[in-house]
Amino acid sequence: MKELQKLLADLNPEQRVAVTWPEGPVLILAGAGSGKTRVLAYRIAYLIGHKGVKPQNVLAVTFTNKAAEEMAQRVQNLLEGEMKPLWLGTFHSACVRILRRDGEYVGYARNFSIFDETDSLSILKEIMKELKLSEREYNPKAIRSRISGAKNALVGPEGYPVSNRYTEQVVRVYAAYNARLRQYNGLDFDDLLLKVVELLSGYENVKDIYSDRFRHILVDEYQDTNRAQYLIVQLLSSKHRNIFVVGDDDQSIYGFRGADINNILDFEKDFPDVKTVRLEQNYRSTRLILNAASSVVRNNVGRMGKELWTENEEGEKLVLIEAADEEDEAMMICENLFRSGRNLRDFVILYRTNAQSRPIEETMRRAGLPYIVVGGMRFYERKEVKDIIAYMRLVVNPKDSVSLKRIVNSPKRGIGPAVVGRLERFAGEQGISLYESILRIEEIEEIQERYMNALRGFRNVIEKAKASVDELGAAELMSQMIDDVGYIRELEQERTREAGSRIENVRELLSSAVSYEERATDRSIRGFLTEVSLFTAIDGWNEKQEAVTLMTVHNAKGLEFPVVFISGLEDGLFPHSSSFESPSELEEERRLFYVSMTRAKEKVYLSHARERTRFGGPMPSFPSRFLKEIPEDLIDTEKSKFSQFDVGDIVRHPDWGVAKVLRLEGDGDDVRAVLRFEAGFEKLVMLKYAGLTRASKEDQWG
DNA sequence: GTCAATAATTTTTTT
DNA sequence: AATTATTGAC
Ligand SMILES: Nc1ncnc2c1ncn2[C@@H]1O[C@H](COP(=O)(O)OP(=O)(O)OP(=O)(O)O)[C@@H](O)[C@H]1O
């Protein structure tokens, strides 16, 4: 174990106060790169290593599974000895753990399924069909987001405000959706939190167990907790009141999914005896980057207000790349990347939306630069992977009819909607699940022999797997199932490149199960399914690989890189146009930009393009309003070789030589320039045809 | 019930 | 541009 003196030597005086604060509520309110996460790790090590707190009495919550892993690693390095019984994970993973043990109180058997957004959507569509609501009038995705919003705010169908015909229908769908989830013994992401709130607030005995147990609760990234998470923290800490939260109101970027910045702003009201610690020294970034980032976020109102300073050197100016279009932007990024001569793992390229990764990927591929994309189409969202997972989910939870319907005809067994409809009717009449109706298929009249045989085959493989679900590990059970249903065999017969890559993905899924078994204490398929459900793109990111990383700004939260490129800094994209009407959403976009810049240790590149392809065609784009919020003297500008020119610029025309730009008119695709050539004559040219280039220094003339 | 052609829709961010 | 939903032929 690291000696106390040594432990504390890695901290500055304020951090030390936070880490060694004896008891009661503590709020660490601090800006980017001030060591909040470090303080949290040291606090855990201090409590366990020096205050005799047992690991099982500590709950530490991080924002992602990856952050949890890293935290575990850091704490382990500071301590020796067993820390396994420590609860360390995201809110969602802690909630699953609680519900797997005690979910029965609120009506869920331990083997419940976790439904992702796609599953939710298909349930909603199913319900809307039954309620005869047209998908044109009631967009299922819009309804899903309304329901999700309501759940995050802890509003049930009873409490949902009805103000018109539309909201009336939302409530009907919402109620039916919840009933259906229960029937399927499944929870959606929002339920994982919601049901824990119900459990802890409705069952005193359960609350006692957990609030007794967690003598110390620590939460990282507290500014991005939502109402449900807030209540969970309140309930769990009600007994010992040792609640240690760290966060930065300027880094709250998940408002869109219910995160409430007031949770951190009101913490001092909720706990009047709180010890608030402010950390103001930044250890991450150069002085210049810090200045630029602070200037931007200063434009927000209602902040808690922090002044960051640093002992780091001033550093290099930010570079603003002005590109012609997204391809040019990608090229210029690559050029700068090459020019710097650094290791590829030093770079991250950030963007606001996942769609922006494509042109960058293509350019990097052409340039032969290795890269990793975090996010976008996730591995576990591919059809073949979801199919196999659905098989396993059905085995674990036979009431999971969403999964059943997904795979009853995949691989093809000739079971179409008609047969499924007949089964559903029977299930409805008998009050049984869809799978049970397959078990009792023989009782159903008017089902032809060929369908019956197909369903018997299906039933046999599921039953076989069910029999060994407790004996076999995740990988073996899954591999047996793939064999039994002939999933790979069917793909092999297709003999297409597409099918080949699907087979590869199925194999990769299997190997991820193998590695799960090596890691986990619970080797069963249940544990694996839970891990898969909660797995996110960033969790799989390997930062040590020698490659450039591409990710969204949201995914970069909490990370740091020597060099950061922030691309697509255009009005409508970053800030996104959807935020234009709402001042608070615009402020969230600004915080997003603040988070982006403060990821950088040494250098920040900003880029925008004058034209960007959207919905097929090219659309003019204008520099982000946020760029104007950075003091000009902190920025060097780099213009595209296809750059538009300013009045007064010296340019070279391919036929007529060097000229000076006298006037510019028109915009977008249709810009004309009046040029005065060295020879003395003037000419009007169309920029897009003239092929002008910026003239070099020697060409300068008066 | 299956498959292919056509039409519609899509881009905000994610546990 | 590309993915997804719908329609219609077999
Ligand atoms: N006392 C210290 N001495 C030296 N380096 C420190 C100290 N505290 C933190 N650091 C370093 O500063 C960097 C930022 O720390 P950390 O990630 O904990 O900050 P943070 O406040 O959580 O950042 P953010 O909110 O931006 O994610 C890390 O590289 C960390 O090692």
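Quick note on labels: first sequence line is chain A, next is B, and so on, each numbered from 1.
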[X] near the nucleic acid: base, sugar-phosphate alone, or nothing, with a heavy-atom cut-off under 4.0 Å?
X        : result
A:Val553 : nothing
A:Ala537 : nothing
A:Thr552 : sugar-phosphate
A:Arg413 : nothing

Within this structure, what is the [atom1]-to-[atom2] distance between [X] and [N], rounded to whole angstrom?
X        : N      : atom1 : atom2 : answer
A:Leu350 : B:dT14 : CG    : P     : 12 Å
A:Phe256 : B:dT13 : CZ    : C1'   : 4 Å
A:Gln448 : B:dG1  : CD    : C1'   : 11 Å
A:His554 : B:dT11 : NE2   : C1'   : 14 Å
A:Lys66  : B:dT15 : NZ    : P     : 13 Å
A:Glu117 : B:dT13 : CD    : P     : 11 Å
A:Asn409 : B:dG1  : CG    : P     : 8 Å
A:Lys383 : C:dT4  : NZ    : P     : 12 Å

For the side chain of [X], counting heavy atoms from C-beta on, which of [options] is nearest?
X        : options                : value
A:Lys412 : B:dT12, B:dC3, B:dT14  : B:dC3
A:Arg352 : B:dT14, B:dT11, B:dT12 : B:dT12
A:Pro417 : B:dT15, B:dT10, B:dG1  : B:dG1
A:Arg358 : C:dA2, B:dG1, B:dT13   : C:dA2
A:Lys141 : B:dT12, B:dT2, B:dT11  : B:dT11
A:Tyr451 : B:dT2, B:dG1, B:dT15   : B:dG1

Would you indicate, yes or no, if [N] has its OP1 or OP2 atom less than 4.0 angstrom from a side-chain nitrogen or oxygen of [X]?
X        : N      : value
A:Asn152 : B:dT15 : no
A:Asn354 : B:dT13 : yes
A:Lys125 : C:dA5  : yes
A:Thr64  : B:dT15 : no

**Request:** Examine A:Arg393 relative to A:Tyr184 and say whether NZ or CZ is less than 6.0 Å from the centre of the six-membered ring and inside a 45° cone about the ring axis.
**Result:** no
**Axial cation check for A:Phe63 ring with A:Lys557, 6.0 Å and 45° limits** = yes
**Asked** Can you find a heavy atom in the side chain of A:Phe565 that is under 4.5 Å from one in the side chain of A:Val348?
**Response** no
**Prompt:** Residues two or more places apart in sequence or in another chain: which of them pass side chain to side chain donor-acceptor pair (under 3.5 Å) with A:Thr353?
**Reply:** A:Gln356
**Prompt:** Are the side chain of A:Asn262 and the backbone N or O of A:Leu265 linked by a donor-acceptor pair below 3.5 Å?
**Reply:** no
**Message:** Is it the case that the ring center of A:Tyr166 lies less than 6.0 angstrom away from the ring center of A:Tyr138?
**Reply:** yes
**Complete:** Checking A:Phe244, A:Phe267, A:Tyr230 against A:Tyr222 for ring pair (Phe, Tyr, Trp, His ring centres under 6.0 Å), the one that qualifies is A:Phe267
**Item:** Nearest-nucleotide 5' precedence on DNA chain B, A:Asp190 against A:Ser577
**Value:** A:Ser577
**Prompt:** When the nearest nucleotide of DNA chain B is assigned to A:Ile415 and to A:Asn555 on a heavy-atom basis, which residue is associated with the more 5' position?
**Reply:** A:Ile415
**Request:** Answer yes or no as to whether B:dT14 has its base stacked against A:Tyr254, where stacking requires a ring-centre separation under 5.5 angstrom and planes under 30 degrees apart.
**Result:** no
**Item:** Stacked pair A:His576-B:dT12, distance under 5.5 Å, angle under 30°
**Value:** yes
**Request:** Determine the Euclidean distance between corresponding P atoms of B:dT13 and C:dT4; express it in Å to zero decimal places.
**Result:** 15 Å
**Item:** Polar pair under 3.5 Å, donor/acceptor by atom type, side chain A:Ser578, base B:dT12
**Value:** yes
